[in-house]
There are 2 protein chains.
Amino acid sequence: MSNEKGPDHSRRKERSRQAILTATRALVAEEAYEKVTVEAIAARAGVGKQTIYRRWPSKSAVVFAALLALSEDADGQSVALPDTGDLEADLKLVMRATAEEFADPAFDRLIRALNAEIANDAALAAEYREKLAQPLEEAKKARLRSAQEAGQLDADADLDLALEVLYAPLFRRWLHRSGPLTAAYADSLVDATLRAFGP
Amino acid sequence: MSNEKGPDHSRRKERSRQAILTATRALVAEEAYEKVTVEAIAARAGVGKQTIYRRWPSKSAVVFAALLALSEDADGQSVALPDTGDLEADLKLVMRATAEEFADPAFDRLIRALNAEIANDAALAAEYREKLAQPLEEAKKARLRSAQEAGQLDADADLDLALEVLYAPLFRRWLHRSGPLTAAYADSLVDATLRAFGP
DNA sequence: ACGAATCGATACGAACCGTTTCGTTTACTG
DNA sequence: CAGTAAACGAAACGGTTCGTATCGATTCGT
């Protein structure tokens, strides 16, 4: 094997790769998305534009990869929600934290950019679901299943549906800016979900 | 007054305006949104590009106006939901219809384009809420209020929240393509909402 | 020291945006 | 019917961005 291979230049590759992804995150977080151009990313990363196009086919793909790398940093330690046994308290904690996250301008711009790309690109949407959305949903579902087994949710409850009812209103309110994302709002979503799917 | 005014050229204006809006709708409905350019709209409408820029400041605004004109055609006859007295049946009818609407490819592309523009343009989002979303929401809320007065919903129920719980999951599932928009799914959203906000 | 992989930089064509310009058509007026 | 002014279609233009092509320099293993 060793005589089949040339020199290993993977360290260089990795360094420029990280520089590109870091620069992309910084740019998307700090300016309006329209101002994030491939050339700006290349300049910020101290990299030639072609080095970006050698790895990703489009700007969308770069932005997505930049976001994806974030969640893969926290690898191994698979996502898990708090489970104190008190479902209502646990969910309110999570929903309040999610609402606060959306209020952060940098995060806001990042996720808006991602959603805009996703809305018109089915392939990217599928990758988003598989690599970013699914793991989180599974973690939430695991928490609900635990509650269901403890008799805190109806035994026949559709947990996927419950998750949607819990989270989708928050997401929509954020995306359309149709109302404030307060802690009280987060709480009321938990309350409604528990009324709908409680025992 | 009459001697103060020159000739009235409003008929020409109106004709080209309609041609532009119609062409925009056709283009957005039939191709991917990236392929809809202002020049393509002008060509399809048989109109100079400048005639478009005389009226609207950007492509986003044109696309939005094209959509808005649709709902203003059905003017006067303000939106109203069926009210047979059977809340569950009425809501399931509406939610099933909404789910079907999203399944239409032309409508799908149109609304995706709108959402992509809205996601990164707060001003456009505000106009969207005011002119398109609000009237529909008010109609739905009126139906819920009628049910509330009939004792079919909890007297203290937050109707805005109930609407979000009812509709947001469908919207999110469509936007992220995270599942099929079946009649059974529409029904289960109504069921969940009624469990959460019923008496 | 040498060769191969990778790189940064730069020039380029194509597409699109939004502006400007210009000669023409349209609708009304006297 | 001739004159006027608003609105128009067409076309050219500068500016920006995308994605590609090219090339000499740098990095790494041998």
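Every heavy atom of this structure was used, including side-chain atoms; hydrogens, water molecules and symmetry mates were not. Just so it is clear: chains get the letters A, B, ... in the order the sequence lines come, proteins before strands, and each one is counted from 1.
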Take B/L144 and B/L87 through the test side-chain contact (heavy atoms from CB on, under 4.5 Å) and record every step on the way to the result. CA-CA 8 Å; B/L144 290 194; B/L87 178 62; 4.1 Å; yes
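- Shortest non-hydrogen contact noted between A/T84 and A/R143 is N-NH2, 4.4 Å.
- Look at NZ on A/K35: it is 8 Å from P on D/dT17, rounded to the nearest Å.
- The shortest non-hydrogen separation linking B/T193 to B/A162 is CG2-O, 3.8 Å.
- When the side-chain nitrogen and oxygen atoms of B/Y53 are compared with OP1 and OP2 of C/dG18, one or more of them lie within a distance under 4.0 Å.
- Applying the ring-ring contact (aromatic ring centres under 6.0 Å, His included) definition to pairs two or more places apart or across chains, those involving residues 176-199 of chain A are A/H176-B/Y128, A/H176-B/F171.
- As a whole-Å value, the separation of A/I20 CD1 from C/dG8 P is 7 Å.
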Run the numbers on B/T51 and B/R17 for side-chain hydrogen bond (donor to acceptor under 3.5 Å, both in side chains), then give the verdict. CA-CA 9 Å; B/T51 300; B/R17 181 189 159 85; over 6 Å; no
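- Using a distance-only test at 3.5 Å, with no hydrogens or angles considered, a donor-acceptor pair links the side chain of B/N115 to the main chain of B/I111.
- The nearest whole Å value for the distance from the CD atom in A/E34 to the P atom in C/dC16 is 18 Å.
- Look at A/R15 and you won't find any side-chain N or O under 4.0 angstrom from OP1 or OP2 of D/dT26.
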Under a 4.0 Å heavy-atom criterion, the protein footprint on nucleotides 8-16 of chain D, written with B, S and -, is BBB------
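- The distance between atom CH2 of A/W56 and atom P of D/dC18, rounded to the nearest whole Å, is 15 Å.
- Distance, B/L27 CG to C/dC16 P: 12 Å, rounded to whole Å.
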